[in-house]
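Letters A, B, ... are given to chains in the order of the sequence lines, protein chains preceding strands, and every chain is numbered from 1.
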Amino acid sequence: DQQVKQNSPSLSVQEGRISILNCDYTNSMFDYFLWYKKYPAEGPTFLISISSIKDKNEDGRFTVFLNKSAKHLSLHIVPSQPGDSAVYFCAASARRVSSARQLTFGSGTQLTVLP
Amino acid sequence: NAGVTQTPKFRVLKTGQSMTLLCAQDMNHEYMYWYRQDPGMGLRLIHYSVGEGTTAKGEVPDGYNVSRLKKQNFLLGLESAAPSQTSVYFCASSYGGLNNEQFFGPGTRLTVL
């Protein structure tokens, strides 16, 4: 049972427009959410995160929105650039009683920004 | 700083063979992790370590063993490889803590025939 879901395997956007990547989760114990970006033949790199006590976090062109009641988060990229073409993973973290915090990843969305 | 490095980058094994994947980090992180990535499934945690000399099971630990003899190194072993272990393996490290931002290595592509 996937606790973190990215239902869109791919997304194409024109350069300069907004990219919106979506992520849904089922575990109400998740209290921290992260987005990672991955280029081919490289490891994922951290992009932006948000705590469950917030509903928005911005970092330059990247903004993450969290809707706790809907168990939904989204990553907005404005304006989109060709260099943003990559796979984007959503990840979530929960406090655990008997073990360390772990990240649960979604399956990823391939973003293609067209020039 | 090299960050997180993984050795080897590629490997082909026959069913039943064994191998060890090496992960090294130079960021003095306490926590280290091994993941596997399969098509359409994201990254799944195999094993992790919260400090030198410690290891713990993740989501998909069967068929793998790990060791953390030194703080900077985390080894992943396959004792008897199976075709189902064909995957891309990523190592990561972190300080731990609330946000648990993890830093990833470049990955090892393993094929088991």
Seminar exercise, completed: Nearest heavy-atom approach of A:S107 to B:G40 is CB-O, 3.4 Å

Exercise. Quick one: what part of B:Q37 sits under 4.5 Å from any heavy atom of chain A, side chain, backbone, both or neither?
Worked result: side chain

Exercise. Can you say whether B:L45 sits under 4.5 Å from chain A via the side chain, the backbone, both, or neither, judging by heavy atoms?
Worked result: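 The side chain, not the backbone.
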
Crowding at [atom1], [X] (>12 non-hydrogen neighbours, <6.0 Å):
X	atom1	result
A:K68	NZ	no
B:E79	CD	no
A:R61	CZ	yes
B:M27	CE	yes

Can you tell me how far the [atom1] atom of [X] sits from the [atom2] atom of [Y], to the nearest 0.5 Å?
X	Y	atom1	atom2	answer
B:E101	A:L47	CD	CG	10.5 Å
A:T104	B:E59	OG1	CD	7.0 Å
B:Y35	A:Q102	OH	CD	7.5 Å
B:Y33	A:L103	OH	CG	6.5 Å

Under 4.5 Å from any heavy atom of chain B - which part of [X]:
X	value
A:A41	backbone
A:Y36	side chain
A:P44	both

Side-chain heavy atoms under 4.5 angstrom apart, residues restricted to Ile, Leu, Val, Met, Phe, Trp, Tyr: same cluster for [X] and [Y]?
X	Y	value
A:F89	A:F65	no
B:Y48	B:V66	no
A:L111	A:I20	no

